[in-house]
Amino acid sequence: MDKTFQPADIETRWYQQWESSGYFQPQGGDNAFSIMIPPPNVTGSLHMGHGFQEAIMDALIRYHRMRGDNTLWQPGTDHAGIATQMVVERQLEAQGLTRHDLGRDKFIEKVWEWKEQSGGQITQQLRRLGASPDWSRERFTMDEGLSKAVQEVFIRLYREGLIYRGKRLVNWDPALHTAVSDLEVLSEEEQGSLWHFRYPLASGDGHLTVATTRPETMLGDTAVAVHPEDERYAHLVGQAIALPLTGREIPIIADDYVDREFGTGCVKITPAHDFNDYEMGKRHNLPMINILDDNAALNDEVPEAYRGLDRFEARKQVVADLDALGLLDRIEPHTLKVPRGDRSGVVIEPYLTDQWYVDAKTLAKPAIEAVENGDIQFVPKQWENTYYAWMRDIQDWCISRQLWWGHRIPAWYDEAGNIYVGENEAAVRAEHNLGADITLRQDEDVLDTWFSSALWTFSTLGWPEETPELATFHPSSVLVTGFDIIFFWVARMIMMTLHFRREVPFHTVYVHGLVRDAEGQKMSKSKGNVLDPIDLIDGIDLEALVTKRTAGMMQPQLAAKIEKATRKQFPEGIAAYGTDALRFTYYSLASTGRDIRFDIGRIEGFRNFCNKIWNAARYVLMNCEGQDCDQNGDGEVELSLADRWIIGQLQQTEAAVAKAVEAYRFDHASQALYEFIWNQYCDWYLELSKPVLWDDEASEAAKRGTRRTLIRVLEAALRLLHPFMPFITEEVWQAVAPLAGKSGATIMLQPYPIGEGESVDSAANADIEWLKGVIVGLRNIRGEMNIPPGKALTALLKNGGESDKSRLEQNATALKKLARLDDIRFVADGEEAPVAATALVGDLEILVPMADLIDKDAELKRLAKEIEKLEKELSRIEGKLNNAAFVDKAPDAVVAKEREKQQAQQMALGKLREQEQRIAQM
RNA sequence: AGGACUAUAGCUCAGUUGGUUAGAGCGCUACCUUGACAUGGUAGAGGUCCCCAGUUCGAAUCUGGGUAGUCCUACCA
């Protein structure tokens, strides 16, 4: 074995072996455990959020697989309608082509080609993380089977009246030429202006002043509204405005939506281009004048001068023209929220079009109940409130998209505009008796990608067929996801699954935080602060990292800034930490918070932890290989105190890990493992094993017992750790297992260690605690008095009871070795104890004679520090005990505990003071 | 505007039903190449648990009110 752990050597090798051996497939078992992967975008590449999420799912999956559950992790990707279409369109653009040059069929062919060539990137990257989904069952939302499910769902919902087509105001993306749902619109505050215009009354008798952030929309105004109780304008309600530039007259109406306090208290109403105005337009039966075309340029509804102008051009023109007419009152700077498409980044327009909708309100009702009655539980629980808040105020879901890439809507229209929904044109014709003389054309639109994702838990298992997989693995056990897609995906899955399966899609939703950089900033390409998990695994040099982060930047000055920050933050680039260290870092950060700040210091610590494990294994193997470790369980074996102690500690760790995993507290699980392996097994147990193995006097049974414990505890610890660190555990386990009497092709399919409380030997625990106390006391003297570590000391013990004597007897060898003593013994009866540096373990005094030391002042200083600490603590305790109310009202056990503490501290204090005096008199 | 979350060591974070000497990792200081490991060992320093009030014998923990930050939802033209 190498002296240091080299992750790169083993990761690929083991992964290939696992996958090709079929270990990721369900292995049978009575309890089914299944997780459906939140399908990553097929155009995507792995980011830290994926890494975190996959690490958690994989830990759960490996844990349950080892516990003997029939475990399925269903992988796959979604077709990401807009994103994928954009990618391929950009490629065409490079050749000077648009998708229209190719035509629909040819274009879709191109997309499929792209998918075959480049769509597998993210699944390859998932493999690097050690993820163990059943790749043989990988699905894609555009697969034939899933497409069939989508079609079936659409048709059935349509027939049930839960899908309808309607002309509504939608969020229109003028760059992508499609409607998007409100979730795909991001509103950010931006600096804009508030233009105040004077609208002349039709009577010629004065004017009203209205304010707007979008002047061009005035061409589509169909009313001006005031508050019904606003005396300033009450007399004008019912009169008309002569709308400038248009020659139209529009009414002045009263509606309590108007805020009297804001601006002038008069609002121009443009029902076809504003969501609030749309509602008001419906209330007052106002005409809706659509003034835009698909590009958000002005259409023929506006006066000739403005036709064909882009909306922002038109804005300038309208302002200029109103100004020229003397109707521009003033312009104020104004901060407003501007809605932008999350894909295109352009300003979204409310736009009147025909679209398909899902009646979400009806579907939401059972979905709310499923959470209320506990069929679905969120972890952490507070996310249920977020879910309720959204679901109780849900709007109908616009599911049609004006794209080519996606599931085409199975609806046909005849010339009269009648709608026929069905599997295909022939089926529609047959069902409705439509002869060949009737021309049908299919709806051009496709469905929102989330529509197919909403079916994911059951469509991937073969629905609408009633497959054995559906029966076994649905509902799935747990959904692991970020809170950012509770609405997008989680809620919609629950609605769809309940409707079509009459069961929940999953029993638990584990909602994790979002990975941010060390400053708490969201990682984003434009900020240049993204970390690629693969770079953390393999490492990357500074130049390559800078190049990667600044590639394809739109703004060069941003690139310079990013380069500077990157050089500052990673002057050496990023080291190769390996997958196991990366995964363990994720777990250590997986607490209940909403933000996960990824600090590079953490991963380095866990790389060191891997190295620690590696070297502990090296030590164990060096001492066990070729030796009798009681592999067959037939030798005479004597277990030492340390053996019994570490076995008990292992049991407790096993229980703690299981508890943590069941509660989704991966931070606790990782902490417990780290603590056990490093601070107990390596720091103490391995050290305690040395005196036995290297002692010629020790019996063969004792040595065999120690070797057996060394190897078996390590073997179990590896299994315990495997779900979190799959690679190093597999590699080490292969060498360790045979010596522990275990066999198997892989650690992956070994039973998971289950802690049993009974195996904890409390007597051994107490003895080892005593031993540690004595050693720590001696080390403290050594450290604080600057005694060279190499110098052997003589230690004397004083004042102890019978148990101290027997403990010394049992542990003398270990003590000498670990505290570097050439002798340790009790002060004989009647013997005058020499002046000495002192440490206390309970009643027991540990003396290091001053003859061995040089520095009297150092010992006085050390004692003074100890005494001060004790005095402070003692006065605190006494303050408590002198408080009658405390003694009266606190539970007896608590009071008794304080009294015990008081006594112990008093005694210790007395001894230390005595020591202080003796040394001072030297 | 409404709601949620967060505030603990220089940094990143744990801290169960109120009773701990408030912990871990990283970083920091000193010493140490002792036969698994310098990606290491030993010892140590470092905290007004955001602030104020309250409940209680007792509050990092519970209640109320602030302050700061993050996010979500809804938006006033």
Side-chain angles (χ1 to χ4, degrees), chain A residues 1 3-5 187 194 210-214 217 225 257-259 261-270 274-277 334 336-337 380 382-383 385-386 389-390 393 483-484 486-487 514 516 518 520 522 575 577 581 585 588-589 591-623 665 667-668 671 674-675 679 682-683 686-687 690 694 776 779-790 817 820 869-870 872-873 876-877 880 883-891 893-895 897-898 901 905:
Chain A
M1 282 173 90
K3 210 172 160 182
T4 49
F5 173 54
S187 292
L194 194 55
V210 296
T212 180
T213 55
R214 297 189 297 155
T217 61
Y257 157 79
V258 178
D259 179 356
E261 309 299 319
F262 189 92
T264 56
C266 305
V267 192
K268 63 188 267 314
I269 303 300
T270 324
D274 180 281
F275 288 100
N276 289 311
D277 293 4
H334 183 68
L336 72 161
K337 294 255 184 144
Q382 75 251 14
W383 290 111
N385 289 329
T386 309
W390 159 258
D393 190 34
F483 58 81
D484 50 334
I486 288 181
F487 308 145
L514 258 39
R516 299 167 177 281
K522 216 168 177 169
Y577 296 110
T585 309
S588 74
L589 295 170
S591 58
T592 54
R594 236 179 22 186
D595 295 333
I596 295 149
R597 292 194 187 201
F598 194 89
D599 182 22
I600 205 93
R602 296 292 297 254
I603 193 172
E604 191 170 337
F606 292 122
R607 186 219 25 201
N608 297 351
F609 180 47
C610 291
N611 193 53
K612 192 75 181 175
I613 294 165
W614 185 257
N615 276 288
R618 241 160 52 91
Y619 166 81
V620 173
L621 290 170
M622 279 161 85
N623 285 286
R665 287 303 300 267
D667 58 329
H668 288 168
Q671 174 70 24
Y674 186 96
E675 157 78 17
N679 302 123
C682 291
D683 284 353
L686 292 193
E687 295 308 320
K690 289 173 184 176
W694 299 349
V776 167
R779 281 176 180 169
N780 177 278
I781 291 172
R782 201 186 270 278
E784 298 237 330
M785 307 214 25
N786 294 318
I787 302 170
K817 170 77 179 130
R820 198 125 194 154
K869 212 159 110 188
L870 280 177
K872 233 167 110 187
E873 174 62 8
R876 202 184 60 85
I877 295 171
K880 249 184 183 176
N883 182 353
F886 171 71
V887 180
D888 277 1
K889 296 193 180 173
V894 172
V895 177
K897 202 170 145 197
E898 290 299 316
K901 267 197 259 177
Q905 307 276 30

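Throughout, a chain's letter reflects where its sequence line sits, starting with A, and its residues are numbered from 1.
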Phosphate OP1/OP2 of rG35(B) contacted by Lys690(A) side-chain N/O (<4.0 Å): no
Given rA77(B), rC71(B), rU12(B), the nucleotide with the shortest approach to the side chain of Asp599(A): rU12(B)
Closest listed nucleotide, where the reference is the side chain of Asn611(A) and the choices are rU39(B), rG19(B), rA77(B): rU39(B)
Arg820(A) (side chain) and rU34(B) (base): donor-acceptor pair under 3.5 Å: yes
Interatomic distance, Ile600(A) CD1 vs rC13(B) P [rounded to whole Å]: 15 Å
Spacing of Glu687(A) atom CD relative to rU34(B) atom P, expressed in whole Å: 13 Å
Trp694(A) over rG35(B), stacked by centroid distance under 5.5 Å, angle under 30°: yes
Rounded distance in Å - CD1 (Ile486(A)) to P (rU73(B)): 11 Å
Mutual orientation of the aromatic rings belonging to Trp383(A) and Phe483(A) [parallel < 30°, tilted 30-60°, perpendicular > 60°]: parallel
Base-pairing assignment for rA7(B) (Watson-Crick or G-U wobble, both under 3.5 Å): rU67(B)
Residue mapping more 5' on RNA chain B - nearest nucleotide basis, Phe275(A) or Thr4(A): Thr4(A)
Quiz item: Lys612(A) side-chain donor-acceptor pair to rC37(B) base, under 3.5 Å: yes
Ring centres under 6.0 angstrom apart (Tyr577(A), Phe606(A)): no
Whichever of Gly605(A) and Lys268(A) has its nearest RNA chain B nucleotide further upstream toward 5': Gly605(A)
hbond_proxy Glu675(A) side chain to rA14(B) base (donor-acceptor, 3.5 Å cutoff): no
Nearest-angstrom distance from the residue atom OH of Tyr619(A) to C1' of rG40(B): 16 Å
Sugar-phosphate, base or nothing in reach of Asp259(A), heavy atoms under 4.0 Å: base
Complement of rG2(B), any strand, by Watson-Crick or G-U distances under 3.5 angstrom: rC72(B)
C1' spacing across the pair rG44(B) / rG27(B), given as an integer number of angstrom: 14 Å
Base partner of rC57(B), which must satisfy Watson-Crick or wobble distances under 3.5 Å: rG19(B)
Distance-only donor-acceptor test, Arg597(A) side-chain atoms vs rU12(B) base atoms, 3.5 Å: no
